[in-house]
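Shown next, in structure tokens, is the structure this report addresses.
Values below: every heavy atom of this structure, side chains too, minus hydrogens, waters and symmetry copies. In each ligand, atom 1 is the first atom listed, and ligand 1 is the first ligand listed.
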Amino acid sequence: MKILLVEDEQAIADFVCSGLAARGLAVRHCDNGKLGLELALSGNFDMILLDIMLPGRDGLSVLKALRDADVPTPVILLTARNELGDRIAGLDMGADDYLGKPFFVEELFARIQALLRRLAGDRSNMVQVGPLKLDRIARQACLGDRSIDLTSREFSLLEYLMRSAGHLFTRSQILEHVWGYDFDPSTNVVDVCIKRIRGKLADLDSTGESAALIESVRSAGYRFRQ
Ligand code: CA
């Protein structure tokens, strides 16, 4: 896995390079937009982490040139707090995700993995994390080679968590995404639905390990274990 990091702040570049290298990713760093674009155009990278304010050429212009040249390498924008407008413009221009500074390298790593999984899933329509596998077309879930009998809502919830495994979602995010409209935030439908999914997993796996794949994070939300 080869990552291109275009970032002019040395301190950020240092912690991203060492943090990602420690997780097995090869990072090539450059500190200006002009060289960044040249390297990105080579197509030799699996992902590009792109700062916006850069010497030489700014990140959005690098992104535009890249997409104009039909280079499809996924791009995560690294944006400062005051760059909301740029963030939106970047997504319109074909960035795949963004991460606001400051961030932890764990979060960046989780985003990279989630993005790669999402892209792979979009191609194959399969989502797999550990022993759990979802066929998004047939809406069929399997644990190992045994199929799990899920309702449509349970499937959607599991799919939402699994597509960004490792990422923590709040109850409101889950409600908004899976139920699709405004619920009273004090409702416990998410917890009830999670409990049912865990129960179904536990029925197929008496060790309890599969049910534990969905982690509850106290007073925060839920996360599917990577
Ligand atoms: Ca910068």
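Annotation for V217: hydrophobic cluster partners, listed by chain and number, are L168 (ILVMFWY side-chain heavy atoms under 4.5 Å, direct or chained). Other members of the hydrophobic cluster containing L37, listed by chain and number, are L4, V6, L35, L39, L41, F45, I48, L50, I52, L54, L60, V62, L63, L66, V71, V75, L77, L91, M93, Y98; membership follows side-chain contacts under 4.5 Å among ILVMFWY residues, whether direct or relayed.
Protein atoms of type N/O/S that fall under 3.0 Å from the Ca ion (ligand 1) number 3 in this view.
Taking D14 as the reference, Q10 meet the side chain to side chain contact (heavy atoms under 4.5 Å, CB included) condition, with sequence neighbours excluded.
No side-chain donor-acceptor contact under 3.5 Å links T187 and R171.
For D51 and K101, the salt-bridge test passes: some basic side-chain N is under 4.0 Å from an acidic carboxylate O. A salt bridge is defined here as a Lys NZ or Arg NE, NH1 or NH2 lying under 4.0 Å from an Asp or Glu carboxylate O, and K34 with D8 fails to meet this definition.
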